[in-house]
Enquirer: 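Below you'll find the structure I mean.
Below, chain A is the first sequence line, B the second, and so on; all start at residue 1. Scope of the values below: all heavy atoms of this structure, side chains included, with no hydrogens, waters or symmetry mates.
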Number of protein chains: 2
Amino acid sequence: MRTVTGATTSVELREHNRARLLRAVHECGASRTRSQLTKDLDLARGTASVLVTGLSEDSLLHEEPSAEHGRGRPTQIPGPHPCGPVALAADLREDGWEIAAGELGGRITPLAARPHDGTPEGAFGPLAAALRTHLQRYGSRAVGIGLAVPGPVRDDRLVDVSHLGWRAVDAVAGLASGIPAGTLLHVGNDTAFAALAEARRGRMAGVRVGLHLHVDFDLGGVLVVDGRPLGGATGVGAEFGHMPLTGRADPCLCGARGCWAMEVGANALLRHLGLAAGGGRGRDQAQAILARSGKGDPEAAEAVDAGARALGRGIAALVNAHDPEIVTLSGLGVDLFTQGRAALSEAYLAGLMRIRVERLPELAPSELGWSGALLGAMESVFDAFLTPEGLRTWRPRERP
Amino acid sequence: MRTVTGATTSVELREHNRARLLRAVHECGASRTRSQLTKDLDLARGTASVLVTGLSEDSLLHEEPSAEHGRGRPTQIPGPHPCGPVALAADLREDGWEIAAGELGGRITPLAARPHDGTPEGAFGPLAAALRTHLQRYGSRAVGIGLAVPGPVRDDRLVDVSHLGWRAVDAVAGLASGIPAGTLLHVGNDTAFAALAEARRGRMAGVRVGLHLHVDFDLGGVLVVDGRPLGGATGVGAEFGHMPLTGRADPCLCGARGCWAMEVGANALLRHLGLAAGGGRGRDQAQAILARSGKGDPEAAEAVDAGARALGRGIAALVNAHDPEIVTLSGLGVDLFTQGRAALSEAYLAGLMRIRVERLPELAPSELGWSGALLGAMESVFDAFLTPEGLRTWRPRERP
DNA sequence: ACCATTTTGTTCACGGCTAGAGCATAATAA
DNA sequence: TTATTATGCTCTAGCCGTGAACAAAATGGT
């Protein structure tokens, strides 16, 4: 039977409304006043009063006076409690990692960043140690860890990173030395997390159906429906890059042929100029090619245009199939959009159905920079925590 | 802000539980006993008692004694009330239409079927008249109409049927003469409705992520997530057929090039044998080709194999991208599966990523025959009715 | 400086809901 | 016939949100 959400009993009603209030605070970055929240959530003032008081006593919220006054009694702004929940986030890439902490409302504090050698041990060892340090520092405030990885994730733990030759590397086991058993660990694809961040705090906010494409060494994409990136049956979504949209039949590292991902990204740029590519190295060289193209180097510009054309053609196919309101681009996708705009647009328009052209979905570069995956990893932890089930795990601090 | 579902007040709690109970009855085809429903929905016996009594008084449910007894007091089976809600469903195809009525639990009664001449007037006129007749017969029991059409639907009313040259035909206006203003009319794509039926009462029941492909004159496909086919931003989902997966660049009627839909379906079969194709006619000829292929005719078999290969190749691309648990086929897809199985499987396996082969999604022909779209249209009406908002529109019959 | 006005926060009585206990009911098994 | 078992019905207790009355805290005009 389908799972039905929503409260069933009086007690669940209260839990549901507590979670609803906290999510509203989190979503707006702790910027809405209590009276505004009361109206937005359609609550009676009395109910809001009881909820806020309860959440404050449980050290989940802390009210601050609002800076701006109108006429009438001034209202308060509910925001993160100084002893409130903290989500740890980690972004593991082919050539390094970084970690950060996020609090209710989404404010991020960078904690550490380091390059690694590309082996599972070299990557997970120091990362686990760093996580252990900060987990100890936050103590019971830490409600979970989100880990972004550059490849498909199966069963919430097995990671494949084709550029590094990783096959079914167990991320949970890799971090076991750093995080106590029972700690909530969300392992997810970097593209899916970047899409989540875009849907919550980026250009896809409020959009019902959107498409997010993340370009790094190669390309990943995922559909976002009602603010949530679509995962697959085994958890492995975000693999739009492995559809045969190139019209060619070159074998791809994934096992299929003619994959779209082979023609878009840093690897494609390097290959186009006859450089070594495919090992998860060469981010600087790719950036150099983009810089040369920006300065008018024709050879570099042609490489960029080829990537932009392939990107545009694939986007058109996906727009035809899925009818998104907007298509957002992150990572190198932003550079391809900026520097190869004409080539991209032309290929995009040429590949669309007529009815799609009539209501043309916007192509929008992300404004979150390269931190989308990190932000999304944090959001994923709060998504799980800000539910009746998640909040039941929270033990409030003793009051001072 | 994201819309949050679920009850907020005590009154909504009751409405929520009423809807939950009715949906549970509808989903299982009115086969579960009251005691089973009580357990499944995690209700107290007292609560179930109050709910069932109330719904019976509102002529939404009617309890019948259960045929099978165990030990202990025998339980009842809640099912459709003799004066309960009825959903009308219509399936409009390129060459004809049929209508039916469905009651709570999903039992369907065929009402009428007729060929048409392919013009909007020739199709909608008699259809509207037939609907009017049956709407009058059911009176206030009719809670809505679901209409399946063979093409994309925009803004819940504008229909494009490329094979018939229909462009932005207004289905609501077309039926206005037959249905009173205010009647709920759900216009939807036939593939999406077929997928909905498959998800509720077919081989995709209980599946979290599935892919449904419907083959008729050409091919449509849609992703099913948590029992609901994914629509797009403007309502036009189910257009997987218009991705350039053929590796060729022939112009398609849709305005793009190299569309997958051009190589799969009745039109492709006819074209492969040098017959006229593309006008929404020739269903019989296509069936004849399939029959010849079944009897060993090599020319017909090659046409079938070509379609099966193209189907398999495209399925692989979509499985790579979306990671479904199962792929279901309806319409001519069932015949291509049966008669071109070897060609289909080979192309399917060859196009998959390695990690998809390791956990191979099953290819499953539908068991609902050609009535999937009709069933889905009915389900769509009940989906809207069996909610707190929908039930609020219901006025119970006076008790005898 | 003062007071009316406006808006927000708090408290509490009220009605509605579900849980759960106790009892009645209706079948089977011995 | 009687014990057993499972189900349905009824009623009370406890919890929840609403909305009204009241308190609090600001602004704006006089």
Enquirer: Would you indicate whether the side-chain heavy atoms of B:Arg203 and B:Leu368 approach each other to under 4.5 Å?
Expert: no

Enquirer: List in chain and number order the residues that pass salt bridge (Lys or Arg N to Asp or Glu O under 4.0 Å) with B:Asp155, two or more places apart in sequence or in another chain; answer none if no residue qualifies.
Expert: A:Arg359

Enquirer: Take atom CD of A:Glu15 and atom C1' of D:dC16, then tell me their distance rounded to the nearest Å.
Expert: 12 Å

Enquirer: Looking at every heavy atom in both B:Leu60 and B:Leu104, which two are closest together, and how far apart are they?
Expert: O-CD2, 3.8 Å

Enquirer: Which whole-number value in Å describes the distance from B:His16 NE2 to D:dG17 C1'?
Expert: 17 Å

Enquirer: Set out, in order, the CA-CA distance, both residues' side-chain angles and the distance that settles side chain to side chain contact (heavy atoms under 4.5 Å, CB included) for B:Asn17 and A:Thr8, then state yes or no.
Expert: CA-CA 7 Å; B:Asn17 276 333; A:Thr8 307; 3.4 Å; yes

Enquirer: For nucleotides 11-20 of chain C, give me one character per nucleotide, 5' to 3': B if any protein heavy atom sits under 4.0 Å from the base, S if the only such contacts are to the sugar-phosphate, - if neither.
Expert: B-----BSB-

Enquirer: Do NZ/NE/NH1/NH2 and the carboxylate oxygens of B:Arg228 and B:Asp383 come within less than 4.0 Å?
Expert: no

Enquirer: Would you indicate, yes or no, if D:dT7 has its OP1 or OP2 atom less than 4.0 angstrom from a side-chain nitrogen or oxygen of B:Ser35?
Expert: yes

Enquirer: Are A:Arg200 and A:Glu27 close enough for a salt bridge, meaning some N to O gap below 4.0 Å?
Expert: no

Enquirer: Need to verify one output field. Residue with the more 5' nearest nucleotide on DNA chain D, A:Pro74 or B:Gln36?
Expert: B:Gln36

Enquirer: So does B:Asp58 pair up with B:Arg18, basic N to acidic O under 4.0 Å?
Expert: yes

Enquirer: Going by side chain to side chain donor-acceptor pair (under 3.5 Å), name the residues that satisfy it together with B:Gln76, two or more places apart in sequence or in a different chain.
Expert: none

Enquirer: Nearest 0.5 Å please: distance from the CD atom of B:Glu15 over to the CD atom of B:Glu12.
Expert: 6.5 Å

Enquirer: Within the structure, does a side-chain N or O atom of A:Thr33 lie under 4.0 Å from either OP1 or OP2 of C:dT8?
Expert: no

Enquirer: Rounded off to whole Å, could you give me the CD-to-P distance for the B:Glu12 and D:dC15 pair?
Expert: 22 Å

Enquirer: Expressed as a whole number of angstroms, how long is the span from B:Arg73:CZ to C:dT25:C1'?
Expert: 4 Å

Enquirer: Just the rounded figure in Å: distance from P of C:dT8 to CD of A:Gln76.
Expert: 12 Å

Enquirer: Taking the side chain as C-beta and beyond, is there a heavy-atom pair between B:Met204 and B:Ile326 under 4.5 Å?
Expert: yes

Enquirer: So what stems show up for DNA chain C if we need 3 or more Watson-Crick or G-U pairs in a row, all under 3.5 Å?
Expert: C:1-30 with D:1-30

Enquirer: Can you check the B:Glu57 CD to D:dC9 C1' distance for me, whole Å?
Expert: 14 Å

Enquirer: At a cut-off of 3.5 Å, list every protein nitrogen or oxygen paired with a nitrogen or oxygen from nucleotides 27-30 of chain D, distance to 0.1 Å.
Expert:
unit_1, atom_1, unit_2, atom_2, d
D:dT27, O2, A:Arg71, NE, 3.4

Enquirer: List, one per line, each side-chain donor-acceptor pair under 3.5 Å for residues 47-55 of chain A, sequence neighbours excluded.
Expert:
unit_1, atom_1, unit_2, atom_2, d
A:Ser49, OG, A:Arg34, NH2, 3.4
A:Thr53, OG1, A:Ser49, O, 2.7

